[in-house]
Amino acid sequence: MLKLVRLLVLGLMIVVWFVIGLVLCLLRPRHRNNVYWLSNRMMRFALPVIGLKVRLRLPPEGVPAGPALYVANHQSNWDIIVQTCAVQPGVVAVGKKSLVWLPLFGILFYLSGNILIDRSNRARAIDTIRQVVDRIRNKKLSVWMFPEGTRSRGRGLLPFKTGAFHTAMQAGVPIVPIVASSYAGQVDLNRWHNGEVLVDVLPALDSQRWQRDQVRECADEVRTLMADHLAKLDAEVAK
């Protein structure tokens, strides 16, 4: 019964978000702060509905004032609610081109200014990296990516693809790792309280530490850093 009520409330919230978001995006299509308002300022209201508490922690020096490449661990479909607290103004996401066909969500994902890529075509994917780099440089945007490329679903931190790191190195922007504690199987809509998730924004890394031919080393080093921090977060939550 509780699950049914929650699903109905979430469904109603999605419709309201869609209407508000559509108006916002039509008034200022693909504006640099649309994603921030639709995610950070709106999606967080879904957390009490699913009985989940999320605690965001920023580094002492804060986040970069200018453009950056944000990389986060991708766990489940709930990431869109859990991790949006970390979305900063001027941030857009990179997602699969097929997302545009999702009902309601797809059109907002595009109109809000996010970047769609075609993963099925390597040549187009390489060209997309160039387009993303151009948008970072010309529009002074930050970009949010999931370097695992797919949801881990409780399998830990999956191997990283290199696209995000090619982008950061070519654009000359810092890499900001974001790590959310593991919560696979933690959300049970039939349970009143589903515990807490810690979301830590780690200090920015200078992407220019690596040469262009060291992109794999860059990806592996960032992954190791995030995997170690994920283990610390999980231990902290377990206590």
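Below, all heavy atoms of this structure are taken into account, side chains as well, without hydrogens, waters or symmetry copies. Remember, predicted model here, so these are calculated numbers, not experimental data. In what follows, residues are counted from 1 in the order of the sequence shown.
- Note: W144 and F146 have perpendicular aromatic rings, judged against thresholds of 30 and 60 degrees for the angle between ring planes.
- Looking at heavy atoms from C-beta onward, V92 lies out of side-chain contact with S142 at the 4.5 angstrom threshold.
- By the criterion of side-chain heavy atoms lying less than 4.5 angstrom apart, applied directly or through intervening Ile, Leu, Val, Met, Phe, Trp or Tyr residues, F45 is grouped together with Y36 in one hydrophobic cluster.
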From CA spacing to verdict: salt bridge (Lys or Arg N to Asp or Glu O under 4.0 Å), D134, R130: CA-CA 6 Å; D134 288 342; R130 298 192 190 101; over 6 Å; no
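- Counting only heavy atoms from C-beta outward, the side chains of L202 and V176 never approach each other to under 4.5 Å.
- The environment of CH2 in W17 is crowded: more than 12 heavy-atom neighbours from other residues, nucleotides or ligands sit within 6.0 Å.
- Ion pairing of K232 with D228 is absent here, as no side-chain N (NZ or NE/NH1/NH2) approaches a carboxylate O to less than 4.0 Å.
- By the 6.0 Å and 45° rule, R30 stacks over the aromatic ring of Y110.
- Side-chain contact between R28 and N33 is present, with heavy atoms from C-beta onward closer than 4.5 Å.
- For the atom pair CG (N194) and OH (Y183), the distance works out to 12.0 Å, reported to the nearest 0.5 Å.
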Intermediate values then yes/no, salt bridge (Lys or Arg N to Asp or Glu O under 4.0 Å), E236 and R57: CA-CA 13 Å; E236 184 177 348; R57 301 186 298 198; 2.8 Å; yes
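- In this structure, R55 pairs ionically with E196, as a charged nitrogen and a carboxylate oxygen lie closer than 4.0 Å.
- Atom CE in M13 sits 10.0 Å away from atom CD1 in I20 (nearest 0.5 Å).
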Chi angles and distances behind the side-chain contact (heavy atoms from CB on, under 4.5 Å) call for L38, C25: CA-CA 10 Å; L38 292 175; C25 292; 4.0 Å; yes
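- Rounding to the nearest 0.5 Å gives a distance of 6.0 Å between OG of S181 and CG of L233.
- When side chains are defined from C-beta on, Q170 counts as touching R212, because their heavy atoms get closer than 4.5 Å.
- Taking both residues in full, the closest heavy atoms of A72 and P147 are given as O-CD, 3.5 Å, listed atom of the first, atom of the second, then distance.
- Smallest separation of non-hydrogen atoms from I115 and R135: CG1-NH1, 3.1 Å.
- Between V222 and V71 the shortest side-chain heavy-atom distance falls below 4.5 Å.
- V19 and V49 are assigned to two separate hydrophobic clusters, defined by single-linkage of ILVMFWY side chains at heavy-atom distances under 4.5 Å.
- Cluster membership for L2 and L189, using ILVMFWY side-chain heavy atoms within less than 4.5 angstrom, is not shared.
- Summarising the geometry, atom CD1 belonging to I50 is positioned 5.0 Å from atom CD1 belonging to I81; distances are rounded to the nearest 0.5 Å.
- To the nearest 0.5 Å, the span separating CZ on R6 from CZ on R191 amounts to 9.0 Å.
- Under the 4.5 Å side-chain criterion, counting only non-hydrogen atoms from C-beta, P67 is in contact with V173.
- Linking Ile, Leu, Val, Met, Phe, Trp and Tyr whenever their side-chain heavy atoms come within less than 4.5 Å leaves V15 and L10 in two separate clusters.
- Within the 3.5 Å criterion, the main-chain N or O of N40 finds no donor-acceptor partner in the side chain of T84.
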F165 and I175: CA distance, side-chain angles, deciding distance, side-chain contact (heavy atoms from CB on, under 4.5 Å) verdict: CA-CA 8 Å; F165 307 97; I175 300 168; 3.9 Å; yes
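- Atom CD of Q75 and atom CD of Q83 lie 7.0 Å apart (nearest 0.5 Å).
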Verdict with reasoning, Q186 to W78, per side-chain contact (heavy atoms from CB on, under 4.5 Å): CA-CA 11 Å; Q186 184 173 331; W78 293 115; over 6 Å; no
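- A 4.5 Å side-chain heavy-atom check between S207 and M169 finds at least one atom pair inside the cut-off.
- Heavy atoms only, all atoms of each residue included: A227 and L157 are closest at N-CD2, 3.6 Å.
- Here the shortest heavy-atom pairing between P159 and R223 reads CA-NE, 3.8 Å.
- Taking a cutoff of 4.0 Å between a charged side-chain nitrogen and a carboxylate oxygen, E221 and R209 qualify as a salt bridge.
- Neither L158 nor V179 shares a network with the other; the hydrophobic side chains, linked directly or stepwise wherever heavy atoms of I, L, V, M, F, W or Y lie under 4.5 Å apart, form separate groups for each.
- The backbone N or O of A86 sits less than 3.5 Å from a side-chain atom of Q88, completing a donor-acceptor pair.
- Of all heavy-atom pairs between W37 and L24, the closest is CB-CD2, 4.1 Å.
- Annotation: side chain of T167 is not in contact with side chain of V143 (no heavy-atom distance under 4.5 Å).
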Verdict with supporting geometry, D234 and S182, side chain to side chain donor-acceptor pair (under 3.5 Å): CA-CA 6 Å; D234 288 348; S182 301; 2.9 Å; yes
Audit row: N34, N114, side-chain contact (heavy atoms from CB on, under 4.5 Å) steps and yes/no: CA-CA 9 Å; N34 282 352; N114 292 305; over 6 Å; no
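- Minimum interatomic distance between C85 and V54 (heavy atoms only, all atoms of both residues): SG-CG1, 3.8 Å.
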